Amino acid sequence: MCPGTVNGTSVCVACKDTTIPGPSQSASAPTGTTPAPIDGVPGAVSATKETKCTQSDCTTTTTYRDASGAVVGTKSDTKEQLSFCKENPDAPICKRGSFGGACAATTCDGDPVQCAVAQEVYKRNCELFDTKTPLSEAGVAAASGEASPSGHPGAAPDVMSMDLSARLNSTPIFGGSGGCPADMSIAMGAASVTLPFSKMCGVLTILGQIITGLSYLFAAFIVFRK
């Protein structure tokens, strides 16, 4: 058997070459007499037929055996498959099967094994696609994004509004208005030393602006890195 379909249902069907066992016959004669050989084949007391069909023709091979079971001859007869089926309408290769019905009740006419497979596959498809169960409902919900984890492709995208100006704080860490600090005098015994912060103010202002700019760039990288 090979894979095939019946009304869209996957089943096992006859392969390209199909062998059909045929009837057998034995020679008979009244008691005390020797039976005549079958089909004139010397020593043939029994014969069996086997038909092998392809897509175009059927070949029937007859095998003749003697009383010990040894083969004493063979004969082959080839006919077109159409002619063979006209003479042997009940042969499995000649029967045309049919399948119909709905999920609740189906009808199948043909090979019993093929019908059993087709009905079972059709039944399973009905249970999977037409009969709702908690498991199937959960699967549909997950596939459509209704019950999916965060980031699932089927879920609606998360949109967040953000006011960046409210999230950035440029208040001086050490307090003050950010102006240049005054020079500081430190008394050391009878003398005093003046620290000229005013002379460093220009350099420190530029340095502060560079640090602030770098901070903004780093904050933008955090927000827009994806």
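Treat the numbers as computed from the prediction; the structure is a model and nothing was measured.
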So which atom in [X] and which in [Y] form the shortest heavy-atom distance, rounded to 0.1 Å?
{"X": "C58", "Y": "F84", "answer": "SG-CD2, 3.6 Å"}
{"X": "D66", "Y": "S68", "answer": "OD1-OG, 2.8 Å"}
{"X": "L195", "Y": "I186", "answer": "CD1-CD1, 3.7 Å"}
{"X": "V71", "Y": "R65", "answer": "CG2-NH1, 3.2 Å"}
{"X": "Y64", "Y": "A44", "answer": "CB-CB, 3.7 Å"}
{"X": "T194", "Y": "S185", "answer": "OG1-OG, 3.3 Å"}

Next on the checklist: If I take atom OG1 from residue T61 and atom CG from residue D77, how far apart are they, to the nearest 0.5 angstrom?
Outcome noted: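 Rounded to the nearest 0.5 Å, the OG1-CG separation comes out at 9.0 Å.
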
Next on the checklist: As an exercise, state the distance from OG of S76 to CD of E50, rounded to the nearest 0.5 Å.
Outcome noted: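 It comes to 10.5 Å.
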
Checklist entry - Any side-chain heavy atom of Q81 sitting closer than 4.5 Å to one from D57? => result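 With C-beta onward as the side chain, the pair stays apart.
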
Next on the checklist: When you compare the side chain of V72 with that of V41, does any pair of heavy atoms fall below 4.5 Å?
Outcome noted: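 Heavy-atom side-chain distance check passes, below 4.5 Å.
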
Checklist entry - Is I222 linked to L214 within one hydrophobic cluster, defined over Ile, Leu, Val, Met, Phe, Trp and Tyr using a side-chain heavy-atom separation of less than 4.5 Å? => result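 They do not share one cluster, since no chain of ILVMFWY contacts under 4.5 Å joins I222 to L214.
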
Next on the checklist: Do I210 and V203 land in one hydrophobic cluster if side-chain heavy atoms of ILVMFWY residues count as linked below 4.5 Å?
Outcome noted: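 The answer is no; the residues belong to distinct hydrophobic clusters.
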
Checklist entry - Is the side chain of S215 donor-acceptor paired with the backbone N or O of I211 at a distance under 3.5 Å, no angle test? => result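 A pair under 3.5 Å: yes.
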
Item to check | Donor-acceptor contact present, side-chain S83 to main-chain K79, <3.5 Å | outcome: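 Looks like no, no N/O pair under 3.5 Å.
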
Checklist entry - Taking atom types as modelled and ignoring hydrogens, do the side chains of T59 and T78 form a donor-acceptor contact shorter than 3.5 angstrom? => result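 On atom types as modelled, these side chains qualify, holding a pair under 3.5 Å.
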
Checklist entry - Between the side chains of T74 and T63, is a donor N or O closer than 3.5 angstrom to an acceptor N or O? => result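 Side chains of T74 and T63: no pair found under 3.5 Å.
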
Checklist entry - Among all residues two or more places apart in sequence or in another chain, which pass the salt bridge (Lys or Arg N to Asp or Glu O under 4.0 Å) test with E80? => result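 E80 satisfies salt bridge (Lys or Arg N to Asp or Glu O under 4.0 Å) with no other residue.
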
